[in-house]
Amino acid sequence: MIAGNIVTFALDMKMAPKFLTRLKRWRMKHLNERQFTLVLSLLVGLCSGFAAIILKNIIHLASLILTKNFESPNESYQYLVYPGIGILITVLFVNFFVKADINHGISKVLEAISCKKSQIKSHNMFTSMISSTITIGFGGSVGAEAPVVLTGSAIGSNIARFFGMNYRMMTLLVGCGAAGAISGIFKAPFAGLLFSIEILMLDLTMSSLLPLLISSATAATIAFFFMGSGYQFTFSFEQPFQLHNIGWYILLGIFCGLFSFLFTRGNIFFENQFKKINKTYLRVLVGAVILGVLIFFFPSLWGEGYTSINLILNDQGPSILNNSLLIGLKDNHLLFPLIILLIMLVKILATSATTGAGGIGGVFAPTLFMGGFGGYFLTLILNQNGFHVSAQNFVLAGMAGMMAGVMHAPMTAIFLIAEITGGFGLFIPLIITSAIAYLTITPLEPHSIYHKRLALSGDLITHDKDKAVLTLVKLRNVIETDLLTVKIDGNLGDLVKVISQSRRNIFPVIDEKNLFHGIILLNDVREIIFNKDLYEQILIRDLVTVPPATISLNDRMDLVMKKFNESDAWNLPVVDEMKYIGLVSKSSIFNAYRSALVQFTED
């Protein structure tokens, strides 16, 4: 019986390539590209939605198993150990099985769009889910959203690659995967759609909007079907929005904007410090100790932190100090707000220690955590000074403000908070806080935390459509190799012979080893080429000039254009380890750019 099943499975696997080949042929015969894109967006939405709910439930189950007995302060000593164990297992899994960097999932997606033609390796469809489950399940102070976005984007990329879709369609399906992932994990279809538009900066045209809507709605439907229709944060609203609190929401927006700047710079700084630790085991040990100690004193730092936000929203804020040595201070009206502020500050270190030591996760959840705590902190201060404001409203507004500041995505922040809490009646304070937070941080930090690393290396092009189109232009395709060259040890007579055989007015100068020495322009020698008395007297090395810049075979096209603009040249030589390869002209690049632009923008 078993043998028969094995044989049947083997035959099915053998028939699979034939079936897929027939599927491709059927698609080419019956569906145009637009119709097929809509079908694929539905498929991507289904897959990313399932990935989101699987990841969310496995993390919850793992955390529940590990912390089910944490009922008293004595039990909390396990907080010192569990996060380090999770990081160690994650590092072993990544180093020995994945053998690739899969951290910072959303930045990886942006890098793929910017530098890799939206191609994401197939292992990303599951490896980031496994590793983040281990990290977060054992208490790592990060979020699951970035890993699931990488998973969904990888699904979209690989489906598009399998069916031979072009760069534009592949990028669109990457965005569909990201939209489906956010929509599925939060049950927030509008937030998923806006995330792809604001963070990935996909074009907002009907040809791209409809597939994004389909993927986002499909993933949300899957999530609602398997996880119920309840909100991420469940509580009862006590107080509607009141106009006289607008000033406090503006203050909260400024606070969130400044703290977003602190978080962005702090997170990158601490991660860079971990990178300086060369030995892997030492890096894991340092991160495990730091994270374990922080969670031991502040248990709310455990995992994603959504449980603590739920406590605050349900008027149980002081309970966040349960299982902590600081439990005796939860009723201290003077020190408790300071503890809330301290938790926000050490959350930066806890998140950085998790990812810096080798854990896998993102900053999505930590951002919401700090925003919620920021709103709660301001509420405590105001209420202690005679102002009666709703903690729930300010917690939600703080989450939106912090997200708008860290991610530079105010629209996503507004709709996400409304969708995961049911707080649609708070649109005005959500808009005010998000807008002020965004306006506060942008002069201080022009890039979101996801884009900053790519911006520093010059690889961020998703926000620049001209640079995005340039990625479609291959340098090797615009190199002109038909120019006649001149030897450096020749004379004017040799140059005249070459000029008589050439239709160009520029002549590269090389030696016997093909090493590049410079160029000679026809205009520079026009007055002497008819004087035969000078043919033997004037040497090539006396006529050669150094071009204002040279292009390397490894240069990106945006760098090539930058060299043209800075040098004000019309033609530049291409060299490889100083050996002459050919010439690139602006006109050839412009022609290739126009062709690529048609492919990039056609509907």
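Counting from 1, the numbers follow the sequence of the chain as shown. Since the structure is predicted, the reported quantities are computational estimates derived from the model, not experimental observations.
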For this session: Taking the side chain as every heavy atom from C-beta outward, state whether P410 and E198 have any atom pair closer than 4.5 Å.
Result: yes
I'd like to know if the side chain of [X] pairs up with that of [Y] as donor and acceptor (distance under 3.5 Å, no hydrogens or angles considered).
| X | Y | value |
| --- | --- | --- |
| T135 | T90 | yes |
| E271 | H104 | yes |
| S128 | T151 | yes |
| W302 | S63 | yes |

Polar side-chain atom of [X] near backbone of [Y] as donor-acceptor pair, under 3.5 Å:
| X | Y | result |
| --- | --- | --- |
| S131 | T127 | yes |
| S48 | G152 | no |
| S132 | M129 | yes |
| S157 | I120 | yes |

Residues 50-58 side chain polar contacts: donor-acceptor under 3.5 Å, at least two apart:
from: K56; atom 1: NZ; to: Q232; atom 2: OE1; distance (Å): 3.0
from: N57; atom 1: ND2; to: I53; atom 2: O; distance (Å): 2.6

If I compare all heavy atoms of [X] with all of [Y], which pair ends up nearest, and what's the gap?
| X | Y | value |
| --- | --- | --- |
| G143 | E304 | CA-CG, 4.2 Å |
| G84 | A288 | CA-CB, 3.4 Å |
| S215 | C176 | OG-CB, 3.1 Å |
| P211 | S41 | O-CB, 3.5 Å |

Exercise. Can the ring centroids of F233 and F186 be said to lie less than 6.0 angstrom from one another?
Worked result: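 Judged by ring-centre distance (under 6.0 Å), F233 and F186 do not meet the cut-off.
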Exercise. Quick one: are the ring centres of F373 and F369 less than 6.0 Å apart?
Worked result: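 Yes, they do, as the ring centres are separated by less than 6.0 Å.
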Exercise. Hey, what's the ring geometry for F241 with Y249, parallel, tilted or perpendicular (30° and 60° as the breaks)?
Worked result: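 Because their plane-to-plane angle lies in the 30° to 60° range, the rings of F241 and Y249 count as tilted.
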Exercise. When the ring planes of F195 and F364 are compared, do they come out parallel, tilted or perpendicular, using 30° and 60° as the limits?
Worked result: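 Ring orientation of F195 relative to F364: tilted.
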Problem set entry | Sequence-distant partners of F261, side-chain contact (heavy atoms from CB on, under 4.5 Å), two or more places apart |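 For F261, the residues satisfying side-chain contact (heavy atoms from CB on, under 4.5 Å) (neighbours in sequence not counted) are R265, I441, L444, E445.
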